[in-house]
Amino acid sequence: QVQLVESGGGLVQPGGSLRLSCVASGFTFRLSAMSWYRQAPGKERELVAAITSAGGTIKYADSVKGRFTISRDNAKNMVYLQMNSLKPEDTAVYYCKADGLGWGQGTQVTVSS
């Protein structure tokens, strides 16, 4: 059974940083592309960042380029999202996705003073 569990969300002031983590189980993690999505209230879920199975290809939404970094540790079945220079518009529920396999339950990120 595919399981994805996110952690690391919280309340942060504008300009601050957070690091989201997602631990995966129930599938061969090292063979799976992974992504982070987010969904703000009243908006559609959108892709934030994606990374291929070996980490050779990474892509970001234009809105987070230069501020967010996706990475993975295949030995630990973990994928991360380092978020710097956070803005109020980054406020959303952030989801980890194993492409073609499933989603995590999400972690709330709130950027507010």
Taking all non-hydrogen atoms of both residues, which atom of [X] and which atom of [Y] are closest, and how far apart?
| X | Y | result |
| --- | --- | --- |
| Leu101 | Phe27 | CD1-CD1, 3.5 Å |
| Ser35 | Leu47 | CB-CD1, 3.9 Å |
| Gln82 | Ser17 | NE2-CB, 4.0 Å |

> Is it true that atom CD of Glu89 has more than 12 heavy atoms of other residues, nucleotides or ligands lying nearer than 6.0 Å?
Replying inline: yes
> When you measure from the centre of the six-membered ring of Phe29, is the NZ or CZ of Arg72 under 6.0 Å away and within 45° of the axis?
Replying inline: yes
>> Are Leu20 and Met83 packed together at the side-chain level, in the sense that at least one heavy-atom pair is separated by less than 4.5 angstrom?
In response: yes
> Does a side-chain heavy-atom distance below 4.5 Å link Thr91 with Gln108?
Replying inline: yes
>> Apply side chain to side chain contact (heavy atoms under 4.5 Å, CB included) to residues Leu4 and Met34 and explain how you reach the verdict.
In response: CA-CA 11 Å; Leu4 299 164; Met34 300 294 296; 3.9 Å; yes
Distance in Å, [X] [atom1] paired with [Y] [atom2], rounded so as to fall on 0.5 Å steps:
| X | Y | atom1 | atom2 | answer |
| --- | --- | --- | --- | --- |
| Leu86 | Arg67 | CG | CZ | 6.5 Å |
| Asn74 | Ser53 | CG | OG | 7.5 Å |
| Ser7 | Tyr80 | OG | OH | 9.0 Å |
| Thr69 | Leu81 | OG1 | CG | 8.0 Å |
| Thr28 | Asn77 | OG1 | CG | 9.0 Å |
| Gln105 | Gln3 | CD | CD | 9.5 Å |

> Parallel, tilted or perpendicular: which fits the ring planes of Phe68 and Tyr94, with parallel below 30° and perpendicular above 60°?
Replying inline: tilted
>> Membership question, hydrophobic clusters at under 4.5 Å side-chain separation (ILVMFWY): are Ile70 and Val23 in the same one?
In response: no
>> Under 4.0 Å between a side-chain nitrogen and a carboxylate oxygen: does that hold for Lys65 and Asp62?
In response: yes
